[in-house]
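Here the structure is laid out as C-alpha cells; the discussion comes afterwards.
The structure presented is a predicted model; accordingly, all values stated were derived computationally and were not measured.
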Amino acid sequence: MGIFGGERDGHAEGTSLLMSSETDSIAETSGEHIYDYIDLIPPLNRKTSFTDRIKQVGLVLIVLLAVTVAVLFVWQVPKGSSENTARATPHSLPCDTSVGPTFGIMAAAPSDAAVLEVWCASALGCIQEHVDVVLTADSSEVGARGTKLGHMNLVDLHLTNIFSLMGLMQSVSPNTEIVNAASACKARASEKNTNITLNPLVFQAISGVSKGTDPDEQTQRYLQLTIDVMRESGVHKSDTVREQLMQIDSTLETLSTTFAQNIASSVNYITVDPSNSGMLAGLDSDFVSSHTNSTGYVIFSTDYTDYVPVMHSSTSETLRRQMYRAFNRRAYPENNAVLQQILQLRQDRATILGYSNYASMATHGKMAANTSRVESFLEEMMSEVIAAGRAELQQLNVSSSAGGVDVFKPYNYGFALNRYIADNFAVNETEVKSYFSTANTKKGVFYVAQELFNIEMRQVVGVPRWHSDVEVYDMMIEGRLIGRAYLDLYPRTAKFKHAAMFPIRQGLDSYQLPEAALVCNFPVAPEAMTFGDVQTFFHEFGHLLHHVIGGQNQDWVAFSGIATEWDFVEAPSQLLEHWPKNMETLSHFARNSDGQLIPSALVDAMKSASQFGRAVATQQQLYYAWFALRLHQVNNPSSMSISDFEATMMASYSPFEHVDYTHMYASFGHLNGYGPLYYTYQWSLAIAQDMFSSEFCPSKMYDSNVAQRYSESILAPGGTKSANTLVTNFLGRSWTADAYQSYLRGGSSSCARHFTLGAHV
C-alpha cells in the first residue's frame with residue numbers, strides 16, 4: 001500500500017458498459033484496479049439454402065483464420081481437467097471464439113504488437129455484432145437467456161476483457177510497442193463503450209425489454225442497472241450534447257493513460273559523493289554496497305525499495321529531505337498540465353449532466369450516496385485523531401529518539417518513529433524484516449487461502465508470461481479449477497510502481513473463469529520485506545480472493561467479482577490484513593534465514609508498538625481523502641494552481657508541514673482511478689473493522705463456519721446485492737463505525753486493524 005502509509009494503487013483495471021472507462025477498478029482501481037470456453041460454431045437448427053450454406057462455409061473459414069491468429073495469443077491450457085471444456089452460451093456468436101474463450105487467452109503476452117492489434121480489432125468487431133442483435137432482436141424474452149439482455153451481457157464481457165487486459169499490458173509489459181498498442185486498443189474500446197452507452201437506439205431497445213410476470217431478481221437488477229447507467233450517462237440528451245460527451249470521454253481516456261504512464265516512467269535519483277559518506281550513516285552496509293557504482297558513488301532511486309529504507313534508517317536529515325523532495329516530484333511537471341485538463345473535463349461532464357461538481361457525480365450510487373455524507377464521515381473520523389495525532393508528534397519531538405529533528409517535517413517522521421519504537425518497545429525494524437522474505441510471505445498468503453476458503457494455489461509452469469518474473473497459479477477447490485492468478489511481484493523499469501490487483505477476466509458462468517494479476521514491487525532476495533510489505537501482500541490477495549470467489553456461478557458480467565459499490569471494495573482486502581499479525585498465521589511462514597520462527601515476544605512487542613502513531617497515520621490518510629474530494633469540488637480547475645491547492649490542503653488537514661518544491665499530486669495515481677473517492681479506504685476500513693471485531697476476533701480467525709459465512713455473504717455474491725445488504729446479511733445488523741472509532745481512541749490491539757512499523761508520507 002503506499003495502493004492503492006501514503007497512497008496505495010490497488011486497482012482493478014476493468015470496465016464495461018456499466019462502468020466508466022475512465023475508472024480504474026482496484027482497486028489502483030484504483031487506483032487500484034481482477035477470467036474460457038465456447039464451441040466454434042453454434043449448431044444450426046433451421047433449413048438452409050445453398051446460398052446460406054456458401055456463406056456459412058465462408059464464415060467458418062474466416063473464423064478458423066481468426067482462431068489461428070488467436071492461438072498465437074493463447075496461454076497453455078492446464079491439462080487433465082474437465083473444467084477446461086466449456087459450453088457455448090445461448091447467445092454466443094461465431095466471433096466469440098476468435099476473441100475468447102480458451103482458458104488464459106486474455107492474459108497472454110503476444111510476441112509482437114501486430115498480434116495484439118488483430119485481436120483487438122476482432123474483439124471490437126464482435127462487440128458490434130452483439131450490439132446489432134440487441135437492436136434487432138425480440139424484446140419479449142427475459143432472463144439471462146433473453147436475447148437482448150443476453151447479447152448485451154456479452155457486450156459487457158468483451159468490453160471488460162479488453163479494458164482489463166489492455167490496462168494490465170499498459171502497466172507491466174516491458175515491450176514499448178505492446179504498451180503503445182494496448183493504449184491504442186483501450187482508447188478504441190473506450191470510444192466503442194461511449195458510443196454504445198450514449199446510443200438512443202440501444203437505450204430504446206433495452207428499455208423495451210419486458211420484465212415478465214415473474215422476473216428473475218438478478219435479471220431485473222441487471223436490466224434496471226443498465227437503464228440507469230445509460231440515462232445517467234446522458235443518453236437522453238440532444239445529439240449535440242451527446243457528441244460533446246463523447247469527445248470528453250475520448251479525451252479523458254487519452255489523458256488518463258498519459259497520467260499513468262508518466263508516473264510509471266518517472267524515476268528520480270539521489271547521488272551521494274564518496275566524500276560525503278557521512279550522509280550514509282544509519283543505512284545497512286549491504287544496502288549501501290548494492291547501490292554503489294564502480295566509481296564509488298552511491299545512487300538511490302525513488303522506487304519504494306530504495307525510498308523506504310532511506311527514509312526509515314538514514315540518520316542524515318539532508319539525505320532524507322533530498323529523497324523526500326525527489327519522491328514527491330515524480331512525474332512533475334509533466335503531470336501538472338495533464339491533471340489540470342482531467343479535472344476540467346470531469347467538471348465539464350458533471351455540469352452537463354446536472355451535477356454541481358464531479359465529486360457529487362462520482363459519489364452518486366455509492367454507499368455514501370452523496371458528498372455531504374462523505375464529508376460528515378471524514379469530519380467524524382478527523383475529530384477522533386487530530387488532537388491525538390498532534391500529541392503523538394509532540395511526544396515524539398521531545399524524545400531523545402528524534403535526535404533533535406523536527407518531526408512535523410514529513411521527511412523526519414518515519415526515521416524518528418522507527419527510533420522511538422526501537423527505544424521504547426524493543427522492536428527493531430531490521431530484526432523484524434529478517435523474518436519476512438517475499439518467498440516465505442507468499443507461502444503464508446497461500447496458507448490462509450487454503451485454511452479459510454479451501455483454495456489450493458497450484459503453480460503452472462511452461463506457460464507464456466509477459467515477463468520472466470511472473471509466476472502463474474491455478475486456483476483449485478477440491479481438484480476443481482476456479483480461476484487463475486498471475487503474481488508479478490518484483491520491481492523493474494517502467495513497471496507500475498505500487499501494489500495492485502489487476503483483473504484480467506471476470507468470471508461468467510459457462511463461458512470463462514476469473515483471472516487476475518497481483519502487480520507489486522516487493523524486495524528481491526536477499527532483501528527482505530518490511531511488515532508493511534507483508535500487509536500489502538495480504539491486502540492485494542484479499543482483492544484477488546474477492547474477484548475469484550465472487551466470479552463463480554455468475555450469470556451477469558456486471559455482477560461478477562469485485563462489482564460492489566466502489567466505497568466497499570477495499571473492505572475485504574483490509575479485513576485480510578489482520579491475518580499476518582496472528583501468531584498461528586506467522587508460524588507457517590515468518591522465519592529467518594536460519595529457519596527460526598519469529599518469537600512470540602517480538603510479535604507482542606510489535607502489537608504494543610503499533611498503538612503509537614496510529615492517530616498520525618490515520619490523519620494523513622484522511623488528508624489524502626480530503627485532498628482528492630476537495631480537488632474535485634473546484635468549479636474552474638483550469639484556472640487553479642494545483643501546487644498552491646496542495647499546500648493549502650496540507651496545512652488544513654495533514655499532521656505535517658508542506659515542503660517546498662514538492663508536488664505529491666503529480667504521482668498520486670488514485671487521482672486517475674479513484675478520483676474523488678479516496679475516502680473509500682477509510683469508509684471500507686470502518687466496515688472491515690466492524691466485521692472483524694464482531695465475527696472473527698479474537699478467537700475465530702480460523703473458524704471454518706465463520707469463514708464460510710463470510711465467503712457466502714460477502715465474497716461470493718459479487719455485485720448481485722447492495723453492499724449494505726451484504727454486510728447486514730453477514731453481521732445480522734447494519735454496520736457501524738464504533739469498532740473503528742474504538743481503535744482510533746487507543747482500543748486494545750488484540751482486535752485492532754493491523755500493526756506496522758514506521759511510516760512513509
Main chain of Tyr665, side chain of His663: is a donor-acceptor contact present, judged purely on distance under 3.5 Å?
no

Quick one: does Asn175's side chain get under 4.5 Å of Met169's, heavy atoms only?
no

Can you measure from CE (Met664) to CZ (Arg330) and round to the nearest 0.5 angstrom?
10.5 Å

May I have all residue pairs that pass salt bridge (charged side-chain N to carboxylate O under 4.0 Å, His left out) and include part of residues 172-181, sequence neighbours excluded?
none

Between Thr680 and Leu677, is there a donor-acceptor pair closer than 3.5 Å when you use the side chain of the first and the backbone of the second?
yes

Using side-chain heavy atoms (C-beta onward) and a distance below 4.5 Å, is Ile270 in contact with Ile299?
no

If you apply the rule ring pair (Phe, Tyr, Trp, His ring centres under 6.0 Å), what do you find for Phe496 with Phe502, and how did you get there?
CA-CA 11 Å; Phe496 175 75; Phe502 284 74; 5.4 Å; yes

Does any part of the side chain of Leu545, heavy atoms only, come nearer than 4.5 Å to the side chain of Phe541, both counted from C-beta?
yes

Which atoms form the tightest heavy-atom contact between Gly551 and Pro514, and what is the distance?
O-CD, 4.0 Å

Tell me whether Asp303 contacts the main-chain N or O of Thr305 through its side chain, where contact means a donor paired with an acceptor under 3.5 Å.
no

Centroid separation under 6.0 Å, is that true for the rings of Phe668 and Tyr624?
yes

I'd like to know if the side chain of Glu129 reaches the main chain of Leu93, judged simply by a donor and an acceptor atom lying under 3.5 Å from each other, with no hydrogens or angles considered.
no

When rounded to the nearest 0.5 angstrom, what is the spacing between CG in Asn336 and CD in Gln341?
10.0 Å

Indicate, with yes or no, if the rings of Phe531 and Phe436 have centres closer together than 6.0 Å.
yes

Run the numbers on His546 and His543 for side chain to side chain contact (heavy atoms under 4.5 Å, CB included), then give the verdict.
CA-CA 5 Å; His546 192 183; His543 283 310; 5.6 Å; no

Any non-hydrogen side-chain atom of Phe568 less than 4.5 Å from a side-chain atom of Ile714?
yes

What is the minimum heavy-atom distance between Ser190 and Asp249, and which atoms define it?
OG-O, 4.3 Å

Are the side chains of Phe522 and Thr536 in contact, using a 4.5 Å heavy-atom criterion?
yes

Heavy-atom donor-acceptor pair, Thr585 side chain to Trp579 backbone, under 3.5 Å:
yes

Under the 3.5 angstrom rule, does the side chain of Asn153 hit a backbone N or O of Asp555 as a donor-acceptor pair?
yes

What do the steps show when you test Asp96 against Cys126 for side chain to side chain contact (heavy atoms under 4.5 Å, CB included), and what is the final call?
CA-CA 7 Å; Asp96 293 311; Cys126 194; 3.3 Å; yes

Between the side chain of Ser266 and the main-chain N/O of Ala331, is any donor-acceptor distance below 3.5 Å?
yes

Distance flag, aromatic centroids of Phe446 and Tyr473, threshold under 6.0 Å
yes

Evaluate the criterion salt bridge (Lys or Arg N to Asp or Glu O under 4.0 Å) for residue pair Asp488 and Arg465; output intermediate values, then yes/no.
CA-CA 10 Å; Asp488 189 351; Arg465 298 159 293 169; over 6 Å; no

With Gln261 via side chain to side chain donor-acceptor pair (under 3.5 Å) - residues at least two apart:
Ser183

Partner set under disulfide bond (SG atoms under 2.5 Å apart) for Cys520, not counting sequence neighbours:
none

About how many Å separate CG of Asn180 and CD of Glu117, when rounded to the nearest 0.5 Å?
9.5 Å

Show the nearest heavy-atom pair for residues Ala563 and Ala558, with the distance to one decimal.
CB-O, 3.2 Å

Give me the ring orientation class for Phe538 and Phe589: parallel if the planes are under 30° apart, tilted from 30 to 60°, perpendicular past 60°.
tilted

Between Ser684 and Ala571 the two heavy atoms that sit nearest each other are CB-N, 3.4 Å

Could you work out, with side chain to side chain donor-acceptor pair (under 3.5 Å) as the rule, every residue matching Asp306, not counting sequence neighbours?
His291, Ser301

Would you mind checking if Glu471 and Lys442 are paired as a salt bridge, meaning a charged N to carboxylate O distance below 4.0 Å?
yes

Heavy-atom side-chain contact between Gln128 and Lys192 under 4.5 Å
yes

How close do Lys495 and Leu489 get, heavy atom to heavy atom, and via which atoms?
NZ-C, 4.0 Å

Matching residue for Leu339 among Leu255, Leu671, Asn262 - test: side chain to side chain contact (heavy atoms under 4.5 Å, CB included):
Leu671

Does Asn293 have any side chain to side chain donor-acceptor pair (under 3.5 Å) partners at least two apart in sequence or in another chain, and if so, which?
Thr295

Please determine if Lys433 and Asp533 form a salt bridge, counting it only when a charged side-chain N lies under 4.0 Å from a carboxylate O.
no

Taking atom NZ of Lys443 and atom CG of Asn440, what is their separation to the nearest 0.5 Å?
5.0 Å

Can you tell me if Arg188 uses its side chain to pair, donor with acceptor, with the backbone of Cys185 under 3.5 Å?
no

Among all residues two or more places apart in sequence or in another chain, which pass the side chain to side chain contact (heavy atoms under 4.5 Å, CB included) test with Asn195?
Glu191, Met246

Less than 4.5 Å apart, any side-chain heavy atom of Thr438 and any of Tyr490?
yes

To the nearest 0.5 Å, what is the distance between CD1 on Ile263 and NZ on Lys497?
10.5 Å

I'd like to know whether Arg492 forms a side chain to side chain contact (heavy atoms under 4.5 Å, CB included) with Asp469, so could you lay out the CA-CA distance, the side-chain angles of the two residues, the decisive distance to 0.1 Å, and finally the verdict.
CA-CA 10 Å; Arg492 60 178 178 270; Asp469 284 349; 4.1 Å; yes

Going from OG on Ser171 to CE on Met166, what distance comes out if it is rounded to the nearest 0.5 angstrom?
11.5 Å

Other residues, nucleotides, ligands: >12 heavy atoms within 6.0 Å of Glu478 CD
no

Looking only at heavy atoms, which two atoms of Pro174 and His467 are closest? And how far apart?
CG-CD2, 4.1 Å

Examine distances only and state if a side-chain atom of Asn454 and a backbone atom of Ile477 form a donor-acceptor pair shorter than 3.5 Å.
no

Taking the side chain from Thr302 and the backbone from Asn268, do they hold a donor-acceptor pair closer than 3.5 Å?
yes

Checking ring-ring contact (aromatic ring centres under 6.0 Å, His included) between Phe300 and each of Phe287, Tyr269, Phe327, which is the one that passes?
Phe287

May I have the step-by-step check of salt bridge (Lys or Arg N to Asp or Glu O under 4.0 Å) for Arg458 and Glu456, ending in yes or no?
CA-CA 6 Å; Arg458 187 178 298 175; Glu456 175 193 356; 3.1 Å; yes

Are a donor atom and an acceptor atom from the side chains of Asn161 and Gln512 found within less than 3.5 Å of each other?
yes

When you compare the side chain of Glu253 with that of Lys186, does any pair of heavy atoms fall below 4.5 Å?
yes

